[in-house]
2 protein chains.
Amino acid sequence: MSVVMLNRFSRTVSPISRVVHVSRRMGYGRARTGESRWLTRRSMSKRPTQADVARSAGVSATTVSLVLNGRTGTRISDDAARRVRVAAETLGYSPDPTALSLRTGRTKTLGFVSDGVTVTRYASAMIRGVLDAAESKGQSVMMAEVDDHPDRWERAIVDLSDRKVDAIVVGLMVARTIELPPMPSGVSTVIVNGLSGGLPSVLPDEFAAGRAAAEYVIRAGHRRIAFIGRSERMLDPVVSATVGRRYQGIDRAMADAGLHFTTTCDLPEWEPGPAREAAMSVLGSPSRPTAILAANDRVAFGVYQAAADLGLTIAQDVSVMSFDDEALADYLRPGLTTMRLPYRDMGMAGVREALNPGNDLLELPMPLVERGSVAPPRG
Amino acid sequence: MSVVMLNRFSRTVSPISRVVHVSRRMGYGRARTGESRWLTRRSMSKRPTQADVARSAGVSATTVSLVLNGRTGTRISDDAARRVRVAAETLGYSPDPTALSLRTGRTKTLGFVSDGVTVTRYASAMIRGVLDAAESKGQSVMMAEVDDHPDRWERAIVDLSDRKVDAIVVGLMVARTIELPPMPSGVSTVIVNGLSGGLPSVLPDEFAAGRAAAEYVIRAGHRRIAFIGRSERMLDPVVSATVGRRYQGIDRAMADAGLHFTTTCDLPEWEPGPAREAAMSVLGSPSRPTAILAANDRVAFGVYQAAADLGLTIAQDVSVMSFDDEALADYLRPGLTTMRLPYRDMGMAGVREALNPGNDLLELPMPLVERGSVAPPRG
DNA sequence: TTGTAAGCGTTATCAT
DNA sequence: ATGATAACGCTTACAA
């Protein structure tokens, strides 16, 4: 295997020449020198083809193909098979993917198109999930990103299908309902973190998460709970495909416990600024709640800021429970307890579903990440 | 920022058939109905080939190829050319990329391999840069991610070269010096945000940034300045390729102004926790500085926390200047003034250099992002 | 000015 | 049990 790889490289690696080279770039320190980890072979020869293997094994190309693809229905003699394998090994043969694609129409490549997962810190884990799952299935990933203009979606998808990707995964940075161009027939497509027409979807299980979050706070002993960030605007499926479910889950838990929120604030945006203002008034009131459910981590951050302004200590004076688990949640002190959006899992599931269709809708659990912002109420 | 995100979501909606489908998925709201924006491509038939165009235009495949590739050295008659173009247009012909690759050995695809840019919030913009630059050059991007194990690098790179990518961009999430396997010959390769042997590099201009940062604080009128996070550990090129330059730039500015830091703290990690402790002692001392230079934004966050603990107000009581500009910088109040790591630019430059080699080292400017954490000293 | 034919490296269909 | 041979869809000598 490593033979296969090595004889394709012609650049000889001399540690010395590297250091010289680097040191020319004024100002950058030189790395410690040492053994090169990489072996190189000097061969300038062309990449060996199936025909080369055939020649070397004294058989026809057909036989090589048959043997190497394991299509051996007692057809090939053990002897021939062995010779082929030896020849392939010593020549360092590996089949040419482009020729394979032309012939078979498949590419062992899947397309991932997103509307900006990349640029969204908390969503970029989705890509990692896609990449990991793809690798485990022996697939490469061709990536495209669109800025949500219809024709960019279309261009990206057409390009992908032109390149004959085996499947397409569409990833959204924020769960919402979108309209996509018609997918190329014959290419299995899945939408991750979103809903679009009849496409199979992978979504976070927000109902369960909402319920679990509220239950967690209730079980901690809280009865006076406020909800900051119940925004009507978010209920539009085009704005969010899942927030409604989140609310429903929360409501269910509250109802089951026979509770009502002491206060519910709508916020124009789920951002620290507005959240802080809202929290100031909620926490400043004489009938201050002992716990706050924040619509997401940025809202929770606003609550932290308000608490700080008011001289209140999170957890001790007021508990905060949140949703999303973005990086921020881990920076805060105390750490923010929150329901994690399983971006990586969703990416992985998307790939699995695209490669192996079956489910119309997959709802992935949102783990509760306990960090310390929720404690039993005082007194 | 979030406004930007939200504006992008203003979209219209779903055709009826889709709504029916969606409504079957219990619990998810239905989108408003409206006009479908997509035209369906009528042909259920096979994709037209060059031969089809030739037949339809009454010429040979050669002529089609020549015309469509603009290889018209007075060779083709205007008439034939016109007929070909019309035929291609009406048939909706576009060349098959896989056939093209097999024939030409090129793929209009470039490989992007990284050690985890994806999963690193602040670095993921690099991908966006790569994607955008690639698109503008008519290239698709095949992406791979490795967890920094030598053989994963090798596997990824071999896979990419097997697939005959036209160029390779290696992207590092944190600027450092690494050893890469020998690159496949004939494939132009660039390393972004890192240094590796003789490979062309794209790096942030940390010297200029360090200098600009310190000068900015000095120009604001500060004389008593502390530096938190001057970590020796980071000077190892394997740990960081650029931090040394950052320090040098800072030192230059301080020297030029005839100043010395009142305090300099080494930190084991550039994280809020340790930074907060260090800042507590720096800010708690009677000879408290009026400004703090933080090694990066997370360190700065630690400084904010310490200031809050001590009842000090950022900007008013102590100015903070930082590096990196991760999302956090924008969440803080007051916003953190910081030198932005130009991940997106680096990604774009990496692609340009890979496709169009020339420079051995490109140092990209780090813009100063003014947000309000630096003010003139009081009194 | 244009067409024929030979590949590119595979796999699949036949003969043998 | 194996080998010719014909695609796959394109580009490019080389002919005409």
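None of the values given here were measured: they were computed from a predicted structure. Just so we're on the same page: letters track the sequence lines, and every chain starts at 1.
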Would you please say whether a donor-acceptor pair under 3.5 Å links the side chains of [X] and [Y]?
X	Y	answer
A:S140	B:D159	yes
B:R163	A:T109	yes
B:T98	B:S101	no
A:T49	A:D96	no

Counterpart residues, side chain to side chain contact (heavy atoms under 4.5 Å, CB included), relative to B:M348 (two or more places apart):
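Per chain and number, B:M348 pairs via side chain to side chain contact (heavy atoms under 4.5 Å, CB included) with B:A133, B:R344, B:R352.
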
Of the options [options], whose atoms approach the side-chain atoms of [X] most closely?
X	options	answer
A:S60	D:dA1, D:dC8, D:dG3	D:dG3
B:V59	D:dT2, C:dG3, C:dT2	C:dG3
A:T49	C:dC8, C:dT10, D:dG3	C:dT10

Can you establish whether the number of heavy atoms outside B:D78 located under 6.0 Å from its atom CG is more than 12?
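12 or below, so no.
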
Does the protein touch nucleotides 11-16 of chain D at the base, only the backbone, or not at all? Give it as B, S and - per nucleotide, heavy atoms under 4.0 Å.
BBBB--

Which angle, to the nearest 10 degrees, lies between the helix axes at the two ends of the helix from C:dT1-D:dA16 to C:dT16-D:dA1, each defined by five pairs?
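The end-segment axes of the helix from C:dT1-D:dA16 to C:dT16-D:dA1 are tilted 50° relative to each other.
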
With nearest nucleotides of DNA chain C determined for B:A81 and A:A99 from heavy-atom distances, which residue corresponds to the more 5′ nucleotide?
B:A81

Atom [atom1] of [X] and atom [atom2] of [N]: how far apart are they, to the nearest Å?
X	N	atom1	atom2	result
B:K164	C:dT10	NZ	P	8 Å
A:R106	C:dA12	CZ	C1'	13 Å
B:R163	C:dG9	CZ	C1'	15 Å
B:D79	C:dT1	CG	P	13 Å
A:L102	C:dA12	CG	P	13 Å
B:D96	C:dT10	CG	P	18 Å
B:R83	C:dT1	CZ	P	14 Å

Side-chain heavy atoms of A:D166 within contact of A:T107, under 4.5 Å:
yes

Minimum side-chain heavy-atom gap B:F112-B:I168 below 4.5 Å:
no

Under a 3.5 Å distance rule, please check whether B:S201 uses its side chain to pair with a backbone N or O of B:L203 as donor and acceptor.
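Checked: no pair found.
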
So, does A:T63 get its side chain near the phosphate of D:dT2, meaning an N or O under 4.0 Å from OP1 or OP2?
no

